[in-house]
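Following: one structure in structure tokens, then a few remarks.
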Amino acid sequence: MILYHGSYIEIKHPDLQHSRANVDFGRGFYTTPIYEQAEKWCGKFIRRGNSGVITEYEFDDASLAELKVLKFDAYSEDWLDFIMVCRNGKDASEYDVVIGGVANDKVFNTVELFFDGLIDKTEAIKRLRYEKPNLQVCLRTDKAITLLKFKRSVKL
């Protein structure tokens, strides 16, 4: 499968050192099989006056069988629970790869409302959904990252 990463620089050799903690699926290198989504990820860099660069990788689907993978096929209570644990910095799972939907830009407000007990999980999930299809593939271990093969990059 082809995966894309949106940034302000080309990343031929991804690593975990530059990844942030407390994001949707925890510390990792975030990619997507959806080119338009990678373009959107570049938008925050472009708005700040930087370049946007989409780096393209080949990732052999068959290699997923060698890895510990968590996949969310839909927005669900399990998906929300996992995001909450990761965003709180309390994820102790040992997944190499986590695949699932992206929480939208209103996630912080929704998370606060959910934590405060002002909305239930069903309402939180509804608010976190994107209208457009999206998917993120978070590579959380060096073993997973080494399976990415750099193909090219495109400057926006």
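No experiment lies behind these values; they were computed from the predicted model shown.
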Backbone N/O of [Y] and side chain of [X]: donor-acceptor pair under 3.5 Å:
{"X": "Asp120", "Y": "Thr122", "result": "yes"}
{"X": "Arg140", "Y": "Phe25", "result": "yes"}
{"X": "Thr32", "Y": "Leu135", "result": "yes"}
{"X": "Asp78", "Y": "Asp81", "result": "no"}
{"X": "Gln136", "Y": "Gly101", "result": "yes"}
{"X": "Asp96", "Y": "Ala144", "result": "no"}
{"X": "Asn88", "Y": "Met84", "result": "yes"}
{"X": "Lys40", "Y": "Gly6", "result": "no"}

Exercise. For atom NZ of Lys126, decide whether the heavy atoms of other residues, nucleotides or ligands shown that lie under 6.0 angstrom number more than 12.
Key: no
Quiz item: When you look at CZ of Phe72, are more than 12 heavy atoms from neighbouring residues, nucleotides or ligands closer to it than 6.0 Å?
Solution: yes
Quiz item: Out of Glu10, Lys12, Glu56, which residue meets the side chain to side chain donor-acceptor pair (under 3.5 Å) rule with Ser153?
Solution: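 Of the listed options, the one satisfying the test is Glu10.
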[X] and [Y]: which non-hydrogen atoms are nearest, and at how many Å?
{"X": "Asn134", "Y": "Tyr75", "answer": "ND2-OH, 3.2 Å"}
{"X": "Ser19", "Y": "Gly28", "answer": "CB-O, 3.1 Å"}
{"X": "Ala124", "Y": "Leu80", "answer": "CB-CD2, 3.7 Å"}

Quiz item: For the ring pair His5 and Tyr30, is the centre-to-centre distance below 6.0 Å?
Solution: no
What's the separation between atom [atom1] in [X] and atom [atom2] in [Y], rounded to the nearest 0.5 Å?
{"X": "Ile99", "Y": "Thr31", "atom1": "CD1", "atom2": "OG1", "answer": "8.5 Å"}
{"X": "Lys68", "Y": "Thr141", "atom1": "NZ", "atom2": "OG1", "answer": "11.0 Å"}
{"X": "Phe45", "Y": "Ser51", "atom1": "CZ", "atom2": "OG", "answer": "11.0 Å"}
{"X": "Tyr4", "Y": "Ile54", "atom1": "OH", "atom2": "CD1", "answer": "8.5 Å"}
{"X": "Gln17", "Y": "Asp142", "atom1": "CD", "atom2": "CG", "answer": "9.0 Å"}
{"X": "Ile9", "Y": "Thr55", "atom1": "CD1", "atom2": "OG1", "answer": "8.0 Å"}

Can you tell if the side chain of [X] reaches within under 4.5 Å of the side chain of [Y], non-hydrogen atoms only?
{"X": "Leu3", "Y": "Met1", "result": "yes"}
{"X": "Val23", "Y": "Ile83", "result": "no"}
{"X": "Asp24", "Y": "Trp79", "result": "no"}
{"X": "Ser7", "Y": "Ile11", "result": "yes"}

Quiz item: Could you walk me through whether Ile145 and Leu16 pass the side chain to side chain contact (heavy atoms under 4.5 Å, CB included) check?
Solution: CA-CA 9 Å; Ile145 287 176; Leu16 295 173; 3.4 Å; yes
Practice problem: Give the intermediate values and the outcome of side chain to side chain contact (heavy atoms under 4.5 Å, CB included) for residues Leu147 and Phe59. | Solution: CA-CA 6 Å; Leu147 298 171; Phe59 187 85; 3.6 Å; yes
Taking [Y] as the starting point, is it possible to reach [X] by hopping between hydrophobic residues whose side chains are less than 4.5 Å apart?
{"X": "Ile119", "Y": "Phe115", "value": "yes"}
{"X": "Ile46", "Y": "Val53", "value": "no"}
{"X": "Phe29", "Y": "Val69", "value": "yes"}

Exercise. Considering only NZ, NE, NH1 and NH2 on the basic side and carboxylate oxygens on the acidic side, decide whether Asp60 and Lys149 come within less than 4.0 Å.
Key: no
Quiz prompt | Carboxylate-amine/guanidinium proximity below 4.0 Å for Glu123 and Arg127 | solution =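 Result for this pair is yes, salt bridge flagged.
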Quiz prompt | Ser93 and Asp91: side chain donor to acceptor below 3.5 Å | solution = yes
Quiz item: Does the side chain to side chain contact (heavy atoms under 4.5 Å, CB included) test come out yes or no for Tyr57 and Ile2, once each step is laid out?
Solution: CA-CA 6 Å; Tyr57 306 92; Ile2 300 296; over 6 Å; no
Exercise. Verify side chain to side chain contact (heavy atoms under 4.5 Å, CB included) between Leu148 and Leu139, making sure each step is shown before the conclusion.
Key: CA-CA 9 Å; Leu148 282 177; Leu139 306 168; 3.3 Å; yes
